[in-house]
Amino acid sequence: MKNNRRDFLRLTSLAGAGVLAGSINPAIANPHLISGSTKKQRFNMSGYAAPKLDTVRIGFIGLGNRGPHAVERMSIIEGVDIKALCDIRDEKANAAKALLQGSVHNPQVYSGKPDEWKKLCERSDIDLVYIASPWALHTPMAVYAMEHGKHVCVEVPAAKTIEECWQLVETSERTRKHCMILENCCYDFFELLVLNMVRQGLFGDIVHGEGAYIHDLMELNFSKTYYYDMWRLKENLRNGNLYPTHGLGPVAWVMDINRGDKMESMISMQSNDSSMQAMANELAAKDDFYKPFANKKFRGNMNTTVIRTNKGRTIMLQHDVSSPAIYSRIFKINGTKGSCLKYPEPSKIALSHQNWLSEADYKKVEDQYTPPIIKKMGEMAKKVGGHGGMDFIMDWRTIDCLRNGLPLDIDVYDSALWSSMAPLSEWSVAHNSAPIAIPDFTAGSWKTNKQVDISLQNAGTTQVR
Ligand SMILES: NC(=O)c1ccc[n+]([C@@H]2O[C@H](COP(=O)([O-])OP(=O)(O)OC[C@H]3O[C@@H](n4cnc5c(N)ncnc54)[C@H](O)[C@@H]3O)[C@@H](O)[C@H]2O)c1
């Protein structure tokens with residue numbers, strides 16, 4: 001059993017490269033033999049409260065589409081000092097700096113070279129590095145930042161491979177620095193209302209959850225300018241659920257995953273690609289720019305992954321960014337007494353099997369069970385914006401926790417586990433949807449780790465400028 005994790009890592013990375021497809025290794029045939037659960041935990045980062053920071057000094061890396069919005073949101077939170085901005089492209093870094101003109105912030109700009117971000121991480125006057133770069137850079141940047149004594153907030157997904165997931169865990173435990181995946185969907189209004197209702201017992205025992213990211217990104221992925229250096233189109237050459245965390249995060253919170261329950265195993269199935277290769281070929285016929293993408297094997301349109309937890313619950317996760325389906329981030333919870341469904345909107349709640357609550361009854365439960373964080377920050381967040389306000393709630397809550405010396409809601413184990421769905425699904429898809437064991441990044445501490453606190457206890461002191 002001692003070498004199990006090493007085997008798991010090796011096999012998963014080989015599977016990711018497609019090396020093993022078609023030749024089933026005996027260890028893979030029984031994935032429970034290759035669980036990563038034998039790892040010993042160095043230090044438990046779940047529930048870990050780092051020393052209080054009155055002022056949170058932030059450096060941002062990656063200022064393309066997503067990063068500048070985070071800069072703007074953070075700039076109005078009390079106790080935030082934006083010290084540095086980095087993007088490989090001068091114009092992006094300078095544009096983000098221009099957003100702060102007239103504010104209390106005067107960040108130094110790092111740009112022009114691929115490794116400039118390291119200089120930002122090396123500064124001694126930064127507490128938090130906030131990363132919104134392409135996926136392949138997430139773990140290298142997060143690890144380097146933690147090694148240099150910084151807490152890290154990193155965009156979704158935090159890691160691309162199982163090795164990277166473990167690297168995040170090992171570095172966070174060793175350095176005692178937070179590593180939080182920026183899973184904004186955990187902070188959406190409906191998801192938090194349902195979480196509070198589940199905590200109050202209104203849904204009974206939770207038996208099943210569903211989550212998804214279904215968003216037609218064809219135009220954006222094939223745009224020459226939208227994503228830096230076509231990084232997102234290139235990622236779609238991997239076949240699996242590449243973007244699992246928006247759907248999974250809120251379901252994981254409802255099920256207390258890593259905090260009382262644990263994901264045990266998954267299977268993953270992928271449809272054919274009916275659009276990406278065709279689009280690449282069509283574009284390449286007219287424009288040499290697209291020639292490197294012609295006749296490539298892109299991921300199939302729809303991925304469906306099914307997970308089973310230690311307590312016998314199931315989770316279905318879907319991912320489709322290449323068929324013309326209506327946008328959906330399914331959030332479905334089935335309990336023994338209640339259920340809910342988000343998408344299509346308006347969201348629904350049922351407290352019996354007969355009917356969804358009427359508008360009037362929904363309003364009553366909403367008034368009664370909206371959790372304190374939404375009561376306090378909801379209206380302000382709607383004004384600030386960012387996916388309807390959830391982005392601001394996430395950023396504000398993170399800063400408020402750091403300033404009050406509280407654990408962050410999302411820790412490195414969540415960051416690793418939620419991100420690991422992508423490489424694990426790639427493995428399962430490449431092996432005819434065979435089941436695969438899910439590593440226990442908490443090394444057993446899931447049994448005693450505390451639930452995410454949604455009470456705002458000892459918190460909520462941070463104002464907005
Ligand atoms: N949570 C959400 O709702 C949400 C929404 C959109 C995007 N995202 C995530 O945000 C991240 C960024 O996405 P995006 O749409 O902004 O992509 P983008 O391509 O617009 O931005 C990435 C930026 O990183 C910069 N970059 C690339 N290499 C760099 C390097 N070596 N050093 C410094 N900067 C470098 C690029 O110049 C670019 O400006 C992704 O991880 C994506 O998944 C999350």
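As the structure lists them, so they are numbered: ligands from 1, and atoms in each ligand from 1.
- Among protein heavy atoms, atom 25 (C) of ligand 1 sits closest to D87 OD2, 3.2 Å.
- The side-chain contact (heavy atoms from CB on, under 4.5 Å) test with K376 is passed by exactly one of I393, L456, D400: L456.
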Go through it in stages, so that I can follow the logic: the residues are W117 and Y110, the test is ring-ring contact (aromatic ring centres under 6.0 Å, His included), and I'd like the CA-CA distance, side-chain angles, deciding distance and then a yes or no. CA-CA 7 Å; W117 58 270; Y110 296 84; over 10 Å; no
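- Of all atoms in ligand 1, numbered sequentially from 1 with element shown, those under 4.0 Å from a heavy atom of H246 are 1 (N), 2 (C), 3 (O).
- Judged by the shortest distance from any of its heavy atoms, H138 lies inside the 4.0 Å radius around the atoms of ligand 1.
- D320 and S323 share a donor-acceptor pair across their side chains, judged by distance under 3.5 Å alone.
- A donor-acceptor pair shorter than 3.5 Å cannot be found between the side chains of Y228 and D87.
- For ligand 1, the atoms sitting less than 4.0 Å from at least one non-hydrogen atom of Y227 are 15 (O), 17 (O), 19 (O), numbered in the order shown with element in parentheses.
- When each atom of ligand 1 is checked for a heavy atom of H387 under 4.0 Å away, the hits are 3 (O).
- The heavy atom nearest to atom 5 (C) of ligand 1, out of those in R66, R329, M394, is found in R66.
- Side-chain contact, N44 with N449: a donor N or O sits under 3.5 Å from an acceptor N or O.
- Salt bridge E264/R308: absent, no basic N to carboxylate O contact under 4.0 Å.
- When the options P114, G386, S133 are ranked by their closest heavy atom to atom 11 (C) of ligand 1, first place goes to S133.
- The protein atom (non-hydrogen) at minimum distance from atom 13 (O) of ligand 1 is W231 CZ2, 3.7 Å.
- Under 3.5 Å, the side chains of D90 and S111 contain a donor-acceptor pair of N or O atoms.
- Contact annotation: E183 has no heavy atom less than 4.0 Å from any atom of ligand 1.
- With a 4.0 Å cut-off on non-hydrogen atoms, W117 touches ligand 1 through its side chain and not its backbone.
- The protein heavy-atom contact nearest to atom 21 (O) of ligand 1 is G64 CA, 3.4 Å.
- E173 and Y48 share no donor-acceptor pair across their side chains, judged by distance under 3.5 Å alone.
- For K297 and D273, the salt-bridge test fails: no basic side-chain N is under 4.0 Å from an acidic carboxylate O.
- Heavy atoms of N65 found under 4.0 angstrom from ligand 1 belong to the backbone as well as the side chain.
- Of the N or O atoms in V156, one or more lie within a sub-3.5 Å distance of an N or O in ligand 1.
- Using a 4.0 Å cut-off to heavy atoms of Y226, the atoms of ligand 1 that qualify are 20 (O).
- The environment of E91 atom CD is dense: over 12 non-hydrogen atoms of other residues, nucleotides or ligands sit within 6.0 angstrom.
- With respect to Y187, the side-chain contact (heavy atoms from CB on, under 4.5 Å) criterion is satisfied by exactly one of D391, I374, I410, L182: I410.
- The part of W135 lying near ligand 1 is the side chain, judged by heavy-atom distances below 4.0 Å.
- Counting only N and O atoms by type, the side chains of T462 and E78 include no donor and acceptor under 3.5 Å apart.
- We find that E147 and R174 are joined by a salt bridge, their nearest charged nitrogen and carboxylate oxygen being less than 4.0 Å apart.
- Protein heavy atom closest to atom 38 (C) of ligand 1, with residue, atom name and distance, is R89 NH2, 3.3 Å.
- Ranked by closest heavy atom to atom 22 (C) of ligand 1, the top entry among A132, A93, C86 is A132.
- Nearest to atom 1 (N) of ligand 1 among the protein's heavy atoms is E155 OE1, 3.1 Å.
- Using a 4.0 Å cut-off between heavy atoms, L137 contacts ligand 1 through its side chain alone, with no backbone atom that close.
- A heavy-atom separation below 4.0 Å is not found between Y110 and ligand 1.
- Counting only heavy atoms of the protein, atom 26 (N) of ligand 1 lies nearest to I88 CG2, 3.7 Å.
- Closest protein heavy atom to atom 3 (O) of ligand 1: N184 ND2, 2.9 Å.
- A salt bridge does not link K262 to D256: none of the charged nitrogens lies less than 4.0 Å from a carboxylate oxygen.
- Ranking the protein heavy atoms by distance from atom 24 (O) of ligand 1 puts P134 CD, 3.4 Å first.
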